[in-house]
Amino acid sequence: MTRMATQRKQGAHLIAGRGVTESWSTVIVLGSALGAAAFGLAVPVSPWDAVAVLLLILLGLAAPTAAVGIILAITLLVPWNLQDQFQIFGGGPGERGVSFVDALLLVALVRTGWMVIRRRIDFDVPMLLGTIVSGALVAATLWGMARGANVSDAANEGRRVLFASGTFLLAWPLLRDVAARRVIMRWLVGIGLALAIWGLVQYLFDVGYTGTGDVGVRGGLASKQLQGGMYAYPVVVIIAWAALVTGAARTTRDKVLSGAVLALNTVCVMLTLERTLVLASALGCGFVVIVAGARAGGPALKWGAGMVGLLVMGAVVAQTHTRSALDRMALIGDLGSDNSYTHRIIEANLVGGQIADHPILGSGFGAAVSWAGQNKFASGTTTFADLGYHWLAWKVGLPLAALIVVLILLAVFRRTRGFEGADWHALRMGARGALLALLVIAVLFGVFNALNITAAIGLLVAVCFSARNPNQESTSDVVAKGMETAR
C-alpha cells in the first residue's frame with residue numbers, strides 16, 4: 001500500500017478515536033484533562049463546570065464516535081428545559097447560554113477541523129457542502145441579529161438547524177471506519193428502545209406538556225396526545241422495519257430486539273394522534289420495501305401482519321384513544337371544521353408574505369411575525385411556524401432552503417451498487433425511508449426547527465451518502481498506487 005493510502009487509513013482510525021499514535025494527540029488530551037482538573041480544584045464552587053469540561057475534552061477529542069452517540073441521545077431524549085440547566089458558559093436570567101451538548105459538538109468539530117488541516121482525512125465534496133451550508137446558517141443567524149431580532153432567539157433558532165449540518169460534518173469522516181459504524185449502530189438500537197420507553201412513560205404518567213413542545217402530553221381531544229419526541233418515532237419505526245424486512249436481523253435475539261423497537265415506537269406514533277406522522281411512517285416503510293427489492297416482500301407481509309394485529313389489540317384495549325384517532329382521521333374529509341388546517345392556512349399566508357419581502361436572504365433567524373387581526377386565533381407575535389418549508393424559506397431565504405431540501409432529496413434517492421454489509425445496507429435503506437418521511441412531515445410541521453430531530457437528520461444524511469465499504473480504496477489511492485508501480 002502506498003504511503004498516501006497508509007496515511008489516509010491511519011487518519012480514519014485516528015478520527016474514529018482509535019489508534020491515537022501521534023504524540024500531539026496524547027499531549028493535547030492529557031494536558032487539557034489536567035487543566036480541567038486543576039480548574040476544578042482551584043474553583044471548588046463550580047464542580048459541574050470542571051466535570052463538564054473534563055468530559056467534553058475526553059469525548060470530543062479522544063472519543064468522537066461516542067460523542068456522536070451522546071449528541072443523539074441528549075437531543076432525542078433529554079427535554080430542552082433540562083438541557084438548559086446544564087450550561088457550560090454564558091446565559092443568564094431569561095437568556096440561553098452554551099449547553100453541554102452545544103459545547104460537545106463544537107469541541108468534536110474542532111478536532112475534525114484539525115484533522116482536515118493535518119490532511120488525515122480528505123476535505124471532499126460532502127465535507128465542502130456541509131461546510132458551505134453551516135457557514136450560510138451562521139450568516140443567517142448574524143443576519144437576523146443585524147435586522148433587530150432578539151439575540152437569544154436568533155442564536156437559539158440558528159443552533160437548532162446547525163445541529164443538522166454540524167452532526168453531518170462530525171459523522172461523515174467517522175463513517176469511513178468500520179469499527180465506528182458498528183459503534184454508531186449499537187447507539188441507534190439503544191436510543192430507539194429508550195425513546196419508545198420514554199414516550200410511553202410520558203403518556204402513562206401524564207408528563208406535562210412544555211412550552212418548548214419537546215416533551216409531555218397535550219389535551220384538547222377526547223384522548224390525550226403524546227407530543228414529546230413525536231418526530232423521532234417515525235424515524236425509529238422505519239429503521240427497525242428496514243432491519244427486519246431486509247434480513248439484517250438474522251438471529252433470534254436481533255429479531256426480538258428489532259421487533260420490540262418497531263412495536264413500541266409504532267405505538268408511540270399512534271399515541272401522537274397526528275395523521276401526518278402515521279401516513280409518513282407508512283410511506284417510509286413502503287419505500288423501504290420498494291427499494292429493498294422482491295426479497296423484502298415476504299418478510300414485509302409477515303411483520304406487517306404482526307403490526308396490524310398489535311394495533312387491533314391496542315384499539316380494543318384503548319377504546320377512548322381509538323375513537324379520538326378515528327375522529328381525527330375523519331376530519332380529512334371535512335377540513336373546513338379542522339382548526340389545525342385553518343391555522344396552517346392563515347400561517348401560510350402570513351409567512352408567505354414575509355418570504356415575498358425577503359426571498360433571497362430571508363428574514364434571518366429570530367425574525368418574528370404577528371398574528372394580530374386573526375379573529376379565530378389569539379393575537380400575538382411569534383418566531384415559530386408549524387409549516388416546515390415555509391419556516392425554513394422565511395428564515396434563510398429560498399436559495400439556501402432549496403439547497404438544503406435538494407441535498408436531503410439526493411440522500412433519499414441515492415442508489416449504491418455492489419456488495420455491502422447486511423447491517424449497513426439495512427441502516428442505509430432505513431435512513432432513506434426515514435428522511436423521506438421527515439420531508440413529508442415537514443410540509444405541516446416544524447421539523448427543521450426541532451432540536452430533538454435535527455442532529456438525527458444530519459446523521460441520516462451522512463449514512464445515505466456513505467461508501468458501501470469503508471475499507472475500499474479511494475480514486476486517489478488507486479492513482480497513487482499506479483504511479484508507484486510505474487516507477
Side-chain angles (χ1 to χ4, degrees), residues 79-81 83-84 87 90-99 102 133-165 209-215 218 227 231 339-402 404-405 441-454:
W80 164 244
N81 289 336
Q83 292 183 42
D84 202 29
Q87 298 180 358
E95 296 184 356
R96 296 185 174 94
V98 177
S99 67
D102 299 331
V133 171
S134 297
L137 293 174
V138 172
T141 304
L142 298 176
W143 174 239
M145 295 177 183
R147 296 190 67 249
N150 178 275
V151 174
S152 180
D153 289 340
N156 186 43
E157 287 191 338
R159 68 185 280 272
R160 292 184 180 207
V161 188
L162 276 164
F163 258 89
S165 59
Y209 184 63
T210 63
T212 55
D214 63 341
V215 65
R218 187 170 62 180
Q227 298 291 287
Y231 301 138
N339 284 337
S340 63
Y341 172 79
T342 305
H343 180 277
R344 283 167 171 79
I345 291 296
I346 296 174
E347 183 180 79
N349 293 329
L350 292 173
V351 176
Q354 299 295 316
I355 296 172
D357 291 340
H358 305 280
I360 305 301
L361 297 179
S363 299
F365 290 124
V369 66
S370 175
W371 277 74
Q374 306 301 327
N375 297 328
K376 193 166 186 177
F377 301 99
S379 299
T381 301
T382 179
T383 61
F384 177 77
D386 281 303
L387 304 170
Y389 296 108
H390 283 70
W391 180 88
L392 190 62
W394 169 32
K395 301 293 181 172
V396 304
L398 289 170
L400 181 56
I404 292 172
V405 174
I441 295 170
V443 174
L444 296 175
F445 290 91
V447 170
F448 302 112
N449 189 30
L451 180 62
N452 60 353
I453 197 60
T454 50

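Values in this document were obtained by computation on a predicted structure and should not be read as measured data.
Residues passing the ring-ring contact (aromatic ring centres under 6.0 Å, His included) test with Tyr389 are Phe448, sequence neighbours excluded. Residues meeting the side chain to side chain contact (heavy atoms under 4.5 Å, CB included) test with Ala348, sequence neighbours left out: Leu387, His390. Scanning for side chain to side chain donor-acceptor pair (under 3.5 Å) contacts around Ser134 gives Ser165, with sequence neighbours left out. Checked against side chain to side chain contact (heavy atoms under 4.5 Å, CB included), Asn452 has the following partners two or more places apart in sequence or in another chain: Asp214, Tyr231, Ala450.
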Go through it in stages, so that I can follow the logic: the residues are Val396 and Leu137, the test is side chain to side chain contact (heavy atoms under 4.5 Å, CB included), and I'd like the CA-CA distance, side-chain angles, deciding distance and then a yes or no. CA-CA 7 Å; Val396 304; Leu137 293 174; 4.1 Å; yes
Q. Does the pair Asp153 and Phe365 meet the rule for a side chain to side chain contact (heavy atoms under 4.5 Å, CB included), with working shown?
A. CA-CA 7 Å; Asp153 289 340; Phe365 290 124; over 6 Å; no
Is there a side chain to side chain contact (heavy atoms under 4.5 Å, CB included) between Ile360 and Leu398? Walk through the geometry before answering. CA-CA 6 Å; Ile360 305 301; Leu398 289 170; over 6 Å; no
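Residues Lys395 and Ala140 share a closest heavy-atom pair of O-CB, 4.4 Å. Shown here for Ser363 and Arg147, the closest heavy-atom pair between the two residues is O-NH1, 3.1 Å. Considering all non-hydrogen atoms of both residues, Ala154 and Thr141 come closest at O-CG2, 3.6 Å. Across all their heavy atoms, Ala368 and Thr381 have their closest contact at CB-CG2, 3.5 Å. Closest approach of Thr383 and Glu157 over heavy atoms only: O-OE2, 3.1 Å.
Considering Val443, Ile441, Asn449 as possible partners of Phe445, the one that fulfils the side chain to side chain contact (heavy atoms under 4.5 Å, CB included) test is Ile441.
With rounding to the nearest 0.5 angstrom, the NE2 atom of His343 is 12.0 Å from the CG atom of Leu444. Taken from CG in Asn156 to CH2 in Trp80, the straight-line distance is 5.5 Å, to the nearest 0.5 Å.
Looking at heavy atoms from C-beta onward, Asp102 lies in side-chain contact with Phe163 at the 4.5 angstrom threshold. Looking at heavy atoms from C-beta onward, Leu162 lies in side-chain contact with Val138 at the 4.5 angstrom threshold. Looking at Arg159 and Leu451, their side chains come closer than 4.5 Å, going by heavy atoms from C-beta outward.
Without hydrogens or angle criteria, Arg160 side chain to Thr454 main chain gives no donor-acceptor distance under 3.5 Å. Listed for the Glu347 side chain is a donor-acceptor partner under 3.5 Å among the backbone atoms of Asp386.
Within the structure, salt bridge (charged side-chain N to carboxylate O under 4.0 Å, His left out) pairs that include any residue of residues 363-372 do not occur (at least two apart or interchain).
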Donor-acceptor contacts under 3.5 Å from residues 349-356 side chains, at least two apart:
| residue | atom | partner | partner atom | Å |
| --- | --- | --- | --- | --- |
| Asn349 | ND2 | Ile345 | O | 3.3 |

